[in-house]
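Only this structure's heavy atoms are used, side chains among them; waters, hydrogens and symmetry mates stay out. In each ligand, atom 1 is the first atom listed, and ligand 1 is the first ligand listed. Along the sequence shown, the residues carry numbers beginning at 1.
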Amino acid sequence: MSGGRAELAAHEPRFTGSFTQQQPIPEEAIAAAVAVLRSGRLHRYNLAEGDVGEVARLEEDFAAMSGARYCLAVASGGYAMGAALRALGVGPGDRVLTNAFTLAPVPGAIAAVGAAPVLVEVTEALTIDLDALAAKARAGDVLLLSHMRGHIADMDRLMEIAAAADIRVVEDCAHTMGARWGGVWSGRHGAIGCYSTQTYKHINSGEGGLLLTDDADLAARMVLLSGSYMLYARHTAAPPPKAFDALRYEMPNVSGRMDALRAAILRPQLARLAEDCAAWNERYRAVEAGLRGVDQIALIPRPQAEAFVGSSIQFRLPGFSAEKVRSFLAGCLARGVELKWFGAEEPQGFTSRHSHWRYIEGQSLPRTDRVLATLIDMRLPLTFSLDDCALIARIIREEAQRGG
Ligand SMILES: *Cc1c(COP(=O)(O)O)cnc(C)c1O
């Protein structure tokens, strides 16, 4: 087969761009970072007289954009999820519900507080199976819901199930910053929303995380946990000092603060988030259009109520065996299109599936396994042009048709 492919190669266009090249940091953000460096005041609490500091400003900006009462900036998305769970009282031996299709930092955050994930099946739409959630509702009183790859479950029904079963919901919005369900920001349906500002997410500070909540008690707990050294009065997007009165003796200081340098480069990026989301969606729609109507490819439907951010795209190859998927991936790669596969036996790159997390109790998830077996995933960096997207879709289409 490889011989045949080599002969054909001359007629087949190749994509030569990079799937991991992000946009540069905006000049305005670079200038803000340089100003922080010149000041020497990189720690969030190291403030000049009368200054609020870049970190508190970022928290104010994000709270205002999302409509949340409180915001806390932290060191990573994983740290944010751990702090959220701990603030909700999750500890050693507890069980936390979570959807089985997610990335390793999610079960990792549950393990970090000594708790055990209870995995819930996902559907062909890549969102949590709400009937399975309702059936498992008694297995835990916190749900860490991961909006994996930007797919949002029916949040109205999910919140009804959670309310009926007394489950508190933490949303992992690593892939949904700027997305909405029914007009409400992703991360604003549950008790706490967690975001990541790691390089591959929607705003880029290398590493970083953000937390949103309307609950003063949870906000105060998370500020103390994040390592406030009793300087919580310097937080301008946190509850007033009296919310901390009793908690300050109770919450351990588990340092995971954000620093002024990262906050400085994030603020201008936050200001252009809506514009970037529109650009991602244009690219998403271009690839999706190129894959539509191909017999071998099942696109993931996007519900009307979901205003998503297309920073990546997924599709399934329902009739493909593992062997066929492997040869499809190799064919795409030979033409410069780098795809991820959630069905691989071994964890690779950024993909992983529940059977790879051997530190947790093995769980039977036949529906999820069936979905992941042929699930393909591709990032859509903003450095791709719309022509790039059309070419990539063409390559995927041709390789899928060859394999079918
Ligand atoms: C990236 C990511 C996170 C957070 O990751 P950090 O690298 O810790 O910022 C959480 N959930 C998902 C699904 C992610 O992809």
Side-chain angles (χ1 to χ4, degrees), residues 19-20 22 58 62 71-86 96-113 117 119-120 122 126-128 142-153 169-179 186-187 190 192-212 222 225-226 254-259 262-263 265-266 269-270 280 300 308-314 340-342 347-354 356-357 360 368 371-372 375 377-381:
F19 279 79
T20 51
Q22 306 299 320
L58 171 69
F62 199 52
C71 178
L72 174 68
V74 293
S76 73
Y79 184 92
M81 292 186 286
L85 294 176
R86 202 158 178 175
V96 174
L97 294 156
T98 191
N99 39 310
F101 173 46
T102 185
L103 282 189
V106 175
I110 297 169
V113 296
L119 304 175
V120 182
V122 298
L126 309 186
T127 54
I128 193 164
V142 172
L143 166 66
L144 177 50
L145 176 69
S146 183
H147 302 299
M148 178 64 172
R149 288 296 190 256
H151 297 276
I152 306 177
V169 178
V170 175
E171 292 177 72
D172 165 22
C173 306
H175 304 162
T176 55
M177 181 185 279
S186 172
I192 303 173
C194 307
Y195 303 79
S196 170
T197 65
Q198 192 234 74
T199 294
Y200 299 106
K201 313 298 161 102
H202 297 176
I203 54 176
N204 174 11
S205 59
E207 303 286 355
L210 289 159
L211 285 153
L212 293 178
M222 294 191 292
L225 270 171
S226 73
V254 185
S255 288
R257 294 168 302 274
M258 183 179 280
D259 58 271
R262 293 189 212 178
I265 69 170
L266 288 173
Q269 295 181 60
L270 208 48
W280 265 307
I300 312 298
F308 64 95
V309 180
S311 53
S312 70
I313 188 165
Q314 294 69 43
K340 306 277 184 187
W341 177 35
F342 279 96
Q348 236 178 11
F350 282 85
T351 60
S352 69
R353 52 181 191 170
H354 67 92
H356 299 152
W357 310 324
I360 72 174
T368 301
V371 170
L372 298 193
L375 181 63
D377 172 61
M378 186 178 88
R379 280 208 188 98
L380 287 167

Atom 8 (O) of ligand 1 - nearest protein heavy atom and its distance: G78 N, 2.7 Å
Which residue and heavy atom of the protein sit nearest atom 7 (O) of ligand 1, plus the separation: Q198 NE2, 2.9 Å
Sub-4.0 Å atoms of ligand 1 with respect to non-hydrogen atoms of [X]:
| X | answer |
| --- | --- |
| D172 | 10 (C), 11 (N), 12 (C), 13 (C) |
| V106 | 11 (N) |
| M81 | 10 (C) |
| P105 | 2 (C), 3 (C), 10 (C) |
| A174 | 2 (C), 3 (C), 10 (C), 11 (N), 12 (C), 14 (C) |
| H175 | 13 (C), 14 (C), 15 (O) |

Test item: Q269 side-chain N/O and N204 main-chain N/O as donor-acceptor pair under 3.5 Å: yes
Polar side-chain atom of H356 near backbone of R353 as donor-acceptor pair, under 3.5 Å: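 Side chain of H356 to backbone of R353: a pair is present.
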Flag if over 12 foreign heavy atoms under 6.0 Å of CZ, R86: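 Counting other residues, nucleotides and ligands, CZ of R86 stays at 12 neighbours or fewer.
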T102, any N or O under 3.5 Å of ligand 1 N or O: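 Checking ligand 1 against T102, no N or O pair falls under 3.5 Å apart.
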Non-neighbouring partners of W280 that pass ring pair (Phe, Tyr, Trp, His ring centres under 6.0 Å), sequence neighbours left out: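 Partners of W280 under the ring pair (Phe, Tyr, Trp, His ring centres under 6.0 Å) test: H202.
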Roughly how far, to the nearest 0.5 Å, is the [atom2] atom of [Y] from the [atom1] atom of [X]?
| X | Y | atom1 | atom2 | answer |
| --- | --- | --- | --- | --- |
| R379 | R149 | CZ | CZ | 6.5 Å |
| I313 | D377 | CD1 | CG | 10.0 Å |
| L372 | F101 | CG | CZ | 6.0 Å |

Residue-ligand contact K201/ligand 1, heavy atom below 4.0 Å: yes
Sub-4.0 Å heavy-atom approach of S146 to ligand 1: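 Flag set, S146 near ligand 1.
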Side-chain heavy-atom pair V106, M81 within 4.5 angstrom cut-off: yes
